[in-house]
Amino acid sequence: MEKYSDYLYAKASHQRIPLGGAFELSPVCNFACKMCYVRKTPAQIRAEGKRQLDWQEWVSLAEQCHKAGTLFLLLTGGEPFLYPHFRELYIQLHKMGFLLSINTNGTLIDEATIAWLKEYAPHRVNITLYGGSEQTYERICGSASGYHRAVAAIRGLKEAGIPVVINASMIPENAGDQEAILQFGKDLGLNVRMATYMFPPSRRETEKTDSRFTPEEAAAMFVHKAKFLQHSQDYVRWLSSQVAEEKVQEGNDWGNHREDYMQCRAGRSSFWISWDGTMTACGIMPFPLQLYPFLEPFADCWNKLTDVVRTTPVLSGCKNCPRRKLCKPCVAMIYTETGTPDQKAPYLCAMAQCAQDMMRKELEVIKCEKAE
Ligand code: SF4
Ligand code: SF4
């Protein structure tokens with residue numbers, strides 16, 4: 001399915017079609033996680049003089065997206081199951097023929113919700129698993145019982161035949177649970193998408209409780225994840241490919257014209273609409289343009305956005321970097337790290353350097369072990 005959708009997204013990008021979109025229905029959540037990029041309380045929303053959009057407003061917008069060619073729609077938050085009239089909205093979107101995915105912490109998905117979802121099959125439910133124990137959930141989310149509820153939701157959805165993916169965001173508070181999370185996914189035969197790098201928040205104020213690894217720790221988590229997930233031979237091959245010298249010359253893939261613009265789906269074949277009605281290319285950052293599809297036609301917004309994404313140069317600070325293949329910087333990473341789309345990001349540079357050093361050492365150790 002992923003391969004098939006990759007193909008569709010590539011075609012859509014070529015034809016400037018907004019094939020995939022995200023509706024971020026609400027910034028409100030029943031958790032208060034330290035690494036969240038959007039969370040707000042209802043009181044904060046009111047204090048900003050804003051409001052959550054009505055479900056009928058989202059339906060009207062969805063009709064325009066549908067006309068423009070959108071097929072994949074992600075419903076996210078905050079916690080989307082807390083959005084008032086979530087079910088009414090979901091059913092309406094389902095009837096319109098969208099392939100719906102849901103990003104959720106899973107804690108509000110009980111047996112009745114699973115039965116309901118079975119009736120209106122989603123394309124996928126992505127459940128974020130914050131740790132492997134009650135203690136970790138208490139530390140990160142402020143809710144010990146959240147752990148059992150999330151695990152029960154994952155198991156229940158899987159048993160009901162609903163496609164589930166486990167998302168995991170690693171920070172110092174759940175570092176000790178890395179293997180437990182990966183093993184849980186393995187045991188259930190579910191894909192675990194584990195982020196070992198955390199963006200600094202760009203859509204909310206930084207808070208004292210914000211938490212992320214040092215570059216060295218993040219690099220170690222990255223390498224450890226790869227080691228855990230791969231068979232030893234694949235791991236060695238992977239290490240060798242990662243540490244291979246990257247030759248940088250004028251006119252190669254990084255110096256050429258093509259790499260000077262955003263290359264992911266954001267703004268080329270997908271869009272993000274936040275809870276307050278702001279449309280961007282990527283949900284992590286306001287760059288390169290913010291539009292307001294509840295105030296002007298969606299198709300006009302999309303045309304402006306995709307034009308700007310295709311013509312705004314980015315990542316000039318990373319040109320000629322010998323660790324670019326390993327670092328894989330995207331504009332959102334550079335933007336949230338530096339506040340610009342084109343400067344080198346010291347955190348990322350240090351992380352890439354550390355990862356490379358660790359991988360070289362790993363290879364040395366493996367070579368020595370083989371020689372003995
Ligand atoms: S996070 Fe980076 S790769 Fe992902 S959509 Fe945003 S800009 Fe693209
Ligand atoms: S952030 Fe640093 S390591 Fe990463 S590609 Fe840019 S210059 Fe290279």
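In this text the structure is predicted, and so the values were computed from the model without any measurement. Counting starts at 1 for both ligands and their atoms, following the listed order.
- Of all protein heavy atoms, the one closest to atom 7 (S) of ligand 2 is K344 CG, 3.5 Å.
- Among the atoms of C321, an N, O or S atom falls under 2.8 Å of atom 8 (Fe) of ligand 2.
- In this structure, the ring of F271 has its center less than 6.0 angstrom from the ring center of F298.
- Of all atoms in ligand 2, listed by their number and element, those nearer than 4.0 Å to a heavy atom of P329 are 5 (S).
- Taking a cut-off of under 4.0 Å to the non-hydrogen atoms of C327, the atoms of ligand 2 that pass are 1 (S), 3 (S), 4 (Fe), 5 (S).
- Counting atoms of ligand 2 from 1 in the listed order, those under 4.0 Å from a heavy atom of L348 are 1 (S).
- A perpendicular orientation is assigned to the rings of Y197 and F199, their planes being inclined by more than 60° (bins at 30° and 60°).
- Per-atom contact check: atom 4 (Fe) of ligand 1 does not touch the protein, criterion being a heavy-atom distance below 4.0 Å.
- Within 6.0 Å of CD on E111 lie no more than 12 heavy atoms contributed by other residues, nucleotides or ligands.
- Looking only at protein heavy atoms, the nearest one to atom 2 (Fe) of ligand 1 is C330 SG, 2.3 Å.
- K186 forms a cation-pi arrangement with F228, by the criterion of a distance under 6.0 Å to the ring centre and an angle within 45° of the ring axis.
- Among the atoms of C264, no N, O or S atom is found under 2.8 Å from atom 6 (Fe) of ligand 1.
- Salt-bridge annotation for D6 and K3: absent, with no side-chain N of the basic residue lying under 4.0 Å from a carboxylate O of the acidic one.
- Scanning the protein heavy atoms around atom 6 (Fe) of ligand 1, the nearest turns out to be C282 SG, 2.4 Å.
- Listed by atom number, the atoms of ligand 2 under 4.0 Å from C349 heavy atoms are 1 (S), 2 (Fe), 3 (S), 7 (S).
- Near A332, the atoms of ligand 1 lying under 4.0 angstrom from a non-hydrogen atom of the residue are 1 (S), 2 (Fe), 6 (Fe), 7 (S).
- Geometric assessment of R265 against the ring of Y9 yields a positive cation-pi assignment under the 6.0 Å and 45° thresholds.
- Centroid-to-centroid, the aromatic rings of W58 and F294 come within less than 6.0 Å.
- Ring planes of H94 and Y120: perpendicular class, angle over 60° (limits at 30 and 60°).
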